[in-house]
Amino acid sequence: MQLEQMYQEIILDHYKNPHRRGLRDPYDAEVHHVNPTCGDEVTLRVKLEGSGAEAKVVDVSYDAQGCSISQAATSVLTDLVVDGTVGESFAKHEEFLRLMQGRGKVEPDEDVLEDGIAFAGVAKYPARVKCALLGWMAFKDAVARVEGTES
Amino acid sequence: MQLEQMYQEIILDHYKNPHRRGLRDPYDAEVHHVNPTCGDEVTLRVKLEGSGAEAKVVDVSYDAQGCSISQAATSVLTDLVVDGTVGESFAKHEEFLRLMQGRGKVEPDEDVLEDGIAFAGVAKYPARVKCALLGWMAFKDAVARVEGTES
Amino acid sequence: MTVAAGPLPLDVAAIRGDFAILGRTVRDGKPLVYLDSGATSQRPRQVLDAERTFLETSNAAVHRGAHQLSEEATDAYEGARARIASFVGVDQEEVVFTKNATEGINLVAYAMSNSSTSGPSAARFRLGPGDEVVITEVEHHANLVPWQQVCERTGATLRWFGVTSDGRVDLSELDSLVNERTKVVAFTHQSNVSGAITPVARIVKRAKEVGALTVLDACQSVPHMPVDFRALDVDFAVFSGHKMLGPSGIGVLYGRFELLSAMPPFITGGSMIELVRMEGSTFAPPPQRFEAGVPMTSQAIGLAAAVDYLSVVGLERVHAHEMALTAAALRGLSEVDGVHIVGPTDLTERGGAVSFVIDGVHAHDAGQVLDSLGVEIRVGHHCAWPLHRKLGVAASVRASFYLYNTLEEVDVLVEAVREAKRFFGVA
Amino acid sequence: MTVAAGPLPLDVAAIRGDFAILGRTVRDGKPLVYLDSGATSQRPRQVLDAERTFLETSNAAVHRGAHQLSEEATDAYEGARARIASFVGVDQEEVVFTKNATEGINLVAYAMSNSSTSGPSAARFRLGPGDEVVITEVEHHANLVPWQQVCERTGATLRWFGVTSDGRVDLSELDSLVNERTKVVAFTHQSNVSGAITPVARIVKRAKEVGALTVLDACQSVPHMPVDFRALDVDFAVFSGHKMLGPSGIGVLYGRFELLSAMPPFITGGSMIELVRMEGSTFAPPPQRFEAGVPMTSQAIGLAAAVDYLSVVGLERVHAHEMALTAAALRGLSEVDGVHIVGPTDLTERGGAVSFVIDGVHAHDAGQVLDSLGVEIRVGHHCAWPLHRKLGVAASVRASFYLYNTLEEVDVLVEAVREAKRFFGVA
Ligand SMILES: Cc1ncc(COP(=O)(O)O)c(C=O)c1O
Ligand SMILES: Cc1ncc(COP(=O)(O)O)c(C=O)c1O
């Protein structure tokens, strides 16, 4: 059944037991993003140390309302970026984006995406891709705000 | 050939030798009407005597630019209304309208419409009905202006 | 059309035969269970054939040519207008074709703001600071954002009716909300989320008392039950072709002739003019004044065919059929633990949109399970975000019915909802 | 598609086989000679089939559902956008679907007047007293009345280029007409009356010098020759589906992405929003921001099929074919005493619209004779009244050609013109 392909165990695990959930202090920037088609929302905070691509992602905390895909993707995101550098997080975002926009035809790099490879099945459902990207959009936006590059 | 049915001799005669053409003094009202689809124009003046339905149509003079149908119809109109009463002219207008909107299926009353019955063939061509009515619209408008009933 | 005797008044099998798409399968070979007609309906072959026949025999620019093809096309187009007008109880010259219902509402809103630079006959449509526009919190964005925007353009104030807990327009403040400052009251005939039917007469009566114009969003009523705009006594109303078996790309704006005659134009260009000079232009009478450019000719003809189709079946019977399906859905869903209906839970003053949430299963996830079982429903806020926010629901699942749906499909829906709960472990 | 060798580069017989309507007769059994494609074109079966196949297999509301049908419909719709965009050399996100070209021009004009109540990013679009909008006297009403209206709404001043005696835009005052006060220059690529092609590059260069926006009316160019909006370097451009073998009810607005991104919306409602609260709303990025409501889905798919059809035939060959027909028409008509061409009399910088007057025979009367012989042409001012007035012509006869017309049909046209003269005794 296709459904199991999409909702991998990993996704359901993250959905039921999300990592790093909740809004914490201290933080450098907080953003609020919505998915206009379904109304899902995420409030996300980042705490960085240092600046530029070498800055370290010290914490990502969030409060989210949404489907299992958007919740799980945000949880996985925190695993992927916390304790790494901003430069590394952006590279992971690129790889995740490539996977999600690949219509299920892209082979994901497990070394880079770790649990994120579980979203390969979601990429076959264009309407759900936005769900998987909601947290990532918020994260990139928050980092940009810290860096002051946001217009 | 259908063409001869539409362009009756009477129509072509009026077209080539229009009755009462030209703008004359005295007049009580002058109006300018156009056909928005083809740009045909008529400037028309009326001179009445008396008032209300019993008023006499003393003169109708006009300057027109347009196709044979609109020119001939205006010429026939002057024959039908000049020297009659306003009430009679409106009755004739009604009968002409009924003929023109009849899609070629209405039997015209020759006693009322005289040369106007020649337009029976035109009624089969909806796009040309407006041409035949241009002068009549102007005439009704001009009379209404004299009567002061025009808004 | 033959109609079977029995509990349901329609011969649904015969009707389904007219809709080729209903025979397809989705995902892993699941029969299609199309329960998203509230978003857009499917079209019977009669509608497709009408458009194609027109295009293969009489297609030409309407109102613009004197040749035979153009005559035939104009007759077909204006004939379509006449049939559609009589379907909703109004005159032919009171029907303006737009690209969808959304354009129709924008047309009225823009005509109102354009009134400030138009002549004295348009004065009654003017909006400015101190004037009020009243809408409701249940509105589809199409009947909400255009009014926000016209208020921004003109300085008028937007006010709105609230929502009851079962998704109805809350009219308890009718007399104070609609007052001497109110210039226009715009509201939906039937909510596309809760299915609740608005008491049109009460609102119209109050609007008339204060001299406000009324605009009815009839997108979800005209396709599903007999509607007569004259009897409802509204000033304007809109609906869309694609929700009533007709083509996409065509909608209808009804306006009382006297109002349309006094209203300035919205979209301008060819075919809507009386006289054009470089220095200025004057405009044709309605409905032409509001139909600039080459119109959606074949689509008007398709919509007229849809109206004919619905008339042959009979709107009363379509409505009765949908009510039977709605009753079954409300009954079936109420038996599933943790399912909550967003809207009235019985058939009083409601139509056939059934929205719901499932404890512990997000609407998007439920939709995915349903889709995997062939059940095509809509998830999200259904373009009625304020209503959802007000009811404390981020996203809901909506099943919506039409004349081609069956009681068996309702059973598949209910079973699929149970499966969604099982899949996400909230059985 | 096979293409015959020979003087004309197209296999017209094979092409005609795709257009069922061309096989019919009119009036007393006369074969149809359709020379009114400038008003609206006919559609090949490939276009009709593409729409029908979509409607019978994948029809659903686009961008609004998570189910398989909606996915397929969205893919088909956005895929159509991509093919149409590449047909005119631009990016997918720069193509906005409208109901016709007229709506596209109104969209830009209204977005400009809406800028006065929008945020700072829209400031560059604002118009007010002292600002100037420049058009030309050859424009179709669609590219004329909307600019008159936006000037009325905003207090800006409308100015215009004159016309040369052969119906071309008179650019002799280019540098003074387009000046520091000019905010937008809107002009046609090809006149729908005279067929004259406007020197786009000269106008664009001058507009850029003064920082004015350019809007190109490409209704009569895109269907008939290769057009690349990026290469032409215009800011906005419009064209209509029904003039290029596609469905009615769909048009295209091209806008440079950077401009569309900064521009406020025009028609508002569902699917064009980012966030909706009763207190105010924000809007989606382009092109969605400009596509409120359920769009003309099947029509977009039909237009993409039309674009594919034209691409297979090849726009260079379509153009060469039309030029051969135009040359024959100009030659044939010039041999008839008393016929005067309204427009250039040779092929330099012109397309295939041939308008003319006949001494002593009014255009309407000529049209009637032609129609009785099966020749379907257009008579009147062709929605370009100021041009006609300027050239001292009340109404003209226009023959316009497309890929399915033949040299024999041009002969029938010329012979019919002679017959019109005979009939009205001006031989
Ligand atoms: C040059 C030109 N511009 C604009 C238009 C308007 O196109 P539409 O009526 O499809 O909006 C036309 C055709 O009618 C045209 O020929
Ligand atoms: C209640 C209601 N109003 C307005 C609309 C807008 O209709 P359209 O998108 O066809 O303009 C819809 C459907 O989307 C609706 O359900």
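Letters go in sequence order (proteins before strands), and every chain restarts at 1. The structure displayed is predicted, hence computed values, not measured ones.
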>> Under a 4.0 Å threshold between the charged nitrogen and the carboxylate oxygen, would C:K30 count as salt-bridged to C:D371?
In response: no
> Looking at D:N59, D:T102, D:N100, which makes the most heavy-atom pairs under 4.5 Å with chain C?
Replying inline: D:N59
> By a 4.5 Å heavy-atom criterion (distance strictly below it), what part of C:L69 contacts chain D: side chain, backbone, both, or neither?
Replying inline: both
> What residue in D:R52, D:E51, D:E152 has the most heavy-atom pairs under 4.5 Å with chain C?
Replying inline: D:R52
>> Counting heavy-atom pairs under 4.5 Å with chain D, which one of C:K390, C:M272, C:H141, C:K243 comes out on top?
In response: C:H141
> Checking heavy atoms, do the side chain of D:I377, its backbone, both or neither come under 4.5 Å from chain C?
Replying inline: backbone
>> Check this for me, if you would: do C:R24 and D:E72 make a salt bridge, where the nitrogen-to-carboxylate-oxygen distance has to be below 4.0 angstrom?
In response: yes
>> Quick check on C:L55 against chain D: is it the side chain, the backbone, both or neither that has a heavy atom closer than 4.5 Å?
In response: both
> Where does D:L48 contact chain C at under 4.5 Å (heavy atoms): side chain, backbone, both or neither?
Replying inline: both
> Are the charged groups of D:D18 and D:R45 less than 4.0 angstrom apart, N to O?
Replying inline: yes
>> Taking side chain as everything from C-beta outward and backbone as N, CA, C, O, which of these in C:N114 sits under 4.5 Å from a heavy atom of chain D? Side chain, backbone, both or neither.
In response: side chain
>> Centre-to-centre under 6.0 Å for C:Y77 and C:F97, is that the case here?
In response: yes
> What option among C:P295, C:A384, C:A292, C:A101 has the most heavy-atom pairs under 4.5 Å with chain D?
Replying inline: C:A292
> Given that the side chain runs from C-beta out, which part of C:I267 has a heavy atom under 4.5 Å from chain D: side chain, backbone, both or neither?
Replying inline: both
>> Looking at chain D, which one of C:E376, C:Q299, C:R389 has the largest number of heavy-atom pairs inside 4.5 Å, strictly under?
In response: C:E376
>> Can you tell whether the side chains of C:R27 and D:E71 come within less than 4.0 Å, N to carboxylate O?
In response: yes
>> I want to know whether D:H140 and D:H382 have ring centres closer than 6.0 Å.
In response: no
> Which bit of D:T25 is near chain C, if near means a heavy-atom gap under 4.5 Å: side chain, backbone, both or neither?
Replying inline: neither
> Hey, what's the ring geometry for D:H362 with D:H364, parallel, tilted or perpendicular (30° and 60° as the breaks)?
Replying inline: tilted
> With a 4.5 angstrom heavy-atom cut-off, which part of D:I135 approaches chain C: side chain, backbone, both or neither?
Replying inline: side chain
> Less than 4.0 Å between a side-chain N and a carboxylate O, is that true for D:D49 and D:R43?
Replying inline: no
>> Out of D:Y34, D:W147, D:F266, return the one with the most heavy atom pairs under 4.5 angstrom to chain C.
In response: D:F266
> Heavy-atom distance under 4.5 Å to chain D: side chain of C:Q149, backbone, both or neither?
Replying inline: side chain
> For D:S58, is it the side chain, the backbone, both, or neither that has a heavy atom closer than 4.5 Å to a heavy atom of chain C?
Replying inline: both
